[in-house]
Amino acid sequence: MSLCQKTADFLLECMPFDLRTITKKIVENKRLDRQEGLALLAHEDALSVARLADYKRKQVARDIVYFANTLYIHPTNLCELSCPMCSFYAKPGWKTAWFLTSEQIEEKIRASLHKNLTEIHIVGGLWRGCSLDYYKDVFLRIKAIDPNLHIKALTPVEYDFLAKQHGITVEEVFDLMMSWGLGSLPGGGAEILVEEIRKKIAPGKITSNEYLNVHRIAHKKGLRSNITMLFGHIEEHSDIITHLEKVRALQDESHGFQTFVPLKYHVENNALGKRKERLKPKDVRSIYAVSRLMLDNIRNLKVLWNYVGMEEACTILNYGANDISATQQDEKIITMAGGIQVKMSEDLLCEMVSKEGRIPKKIHSGYNYDND
Ligand code: SF4
């Protein structure tokens with residue numbers, strides 16, 4: 001009997017009775033359905049669910065945990081929208097508003113070069129000052145500094161905004177951005193892919209279908225993307241499962257998602273956070289475990305330590321995650337919403353991963369699975 005078979009048999013034996021059918025499907029590599037996802041989210045025995053997710057993670061991604069050395073560039077926090085769940089945006093005249101010129105961005109990157117960056121993560125508000133000419137200048141400057149720096153830039157919401165601003169298609173926007181050095185998409189702005197909830201937390205943003213379609217177009221162009229899910233605000237378990245099903249369905253079709261990234265909603269400095277009676281916090285670990293189990297076609301599940309805390313991020317490595325994000329230098333979106341602030345280093349990330357008995361591997365968002 002192989003080690004794999006022994007592990008699977010052990011898993012089946014130690015599961016509570018009501019998880020046996022689901023466990024059997026998992027060890028036989030069969031897809032879980034909506035009802036099974038809901039049952040797992042609501043299950044009281046979180047440790048058994050974690051054990052299933054950890055088994056699945058090991059099958060798909062073995063013991064390696066990825067991390068990147070990332071510098072965030074937020075070109076501006078000026079935004080035409082005012083999403084109630086957002087702590088980041090500003091309006092002209094606000095003391096908190098900023099706009100970085102391409103020269104300032106270049107200076108900022110040059111000042112961080114000694115830190116062995118692997119990628120530049122660019123994301124900001126919806127603002128006409130950030131035009132295609134602006135991004136051309138920013139991207140070309142980055143590539144002139146170091147052609148190996150991976151550019152992970154803009155959410156589908158920003159690509160849609162750029163296309164409308166310039167009266168061209170999203171395809172044409174991607175063609176231009178790729179010719180200037182775009183490497184991949186970070187996957188923010190997904191929120192919850194259920195219209196009823198999306199309209200309440202981010203009215204004015206493109207719809208779920210429009211959002212997913214930008215990913216579809218990117219994948220057709222050969223770009224790879226991550227995709228997020230904001231949870232713990234006003235959504236129900238059923239909305240979380242709907243989100244996972246939509247992501248899974250697109251991945252079946254386009255195969256372009258590299259990583260799924262659950263994002264825990266934070267209440268500070270945003271309108272929605274002030275209405276505490278409306279909020280429905282969730283069990284963070286269960287969200288990760290069920291994401292790993294439902295998303296059988298996405299290899300990587302990323303936990304962001306600045307969203308959940310460093311200790312919790314390490315624990316979540318045992319709930320299905322195989323990516324501990326990055327050094328997150330100069331990240332501002334979650335920082336402004338009350339996220340964790342730590343001067344993170346590569347050494348500290350490696351130490352956190354190793355303590356969990358796993359193997360740290362430095363990458364950029366292009367992922368490199370050679371020798372894994
Ligand atoms: S979430 Fe994005 S689009 Fe909405 S207000 Fe914030 S920066 Fe603007």
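Every number for a ligand or one of its atoms is a count from 1 in the order of the listing.
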Answer with yes or no whether the side chains of [Y] and [X] bring together a donor and an acceptor at under 3.5 Å.
{"X": "Gln329", "Y": "Thr327", "answer": "yes"}
{"X": "Ser354", "Y": "Glu351", "answer": "no"}
{"X": "His219", "Y": "Ser254", "answer": "yes"}

**OP:** Establish, for the pair Arg128 and Tyr134, whether the NZ or CZ atom is under 6.0 angstrom from the six-membered ring centre and no further than 45 degrees off its axis.
**Re:** no
Subject >> Axial cation check for Tyr369 ring with Arg299, 6.0 Å and 45° limits >> reply: yes
Subject >> Those atoms of ligand 1 less than 4.0 Å from some heavy atom in Lys205 >> reply: 1 (S), 3 (S), 4 (Fe)
**OP:** Tell me, please, which residues at least two apart from Phe231 pass ring pair (Phe, Tyr, Trp, His ring centres under 6.0 Å).
**Re:** none
Original post:
Listing by chain and number, what protein N/O/S atoms are under 2.8 Å from atom 6 (Fe) of ligand 1?
Top reply: Cys86 SG
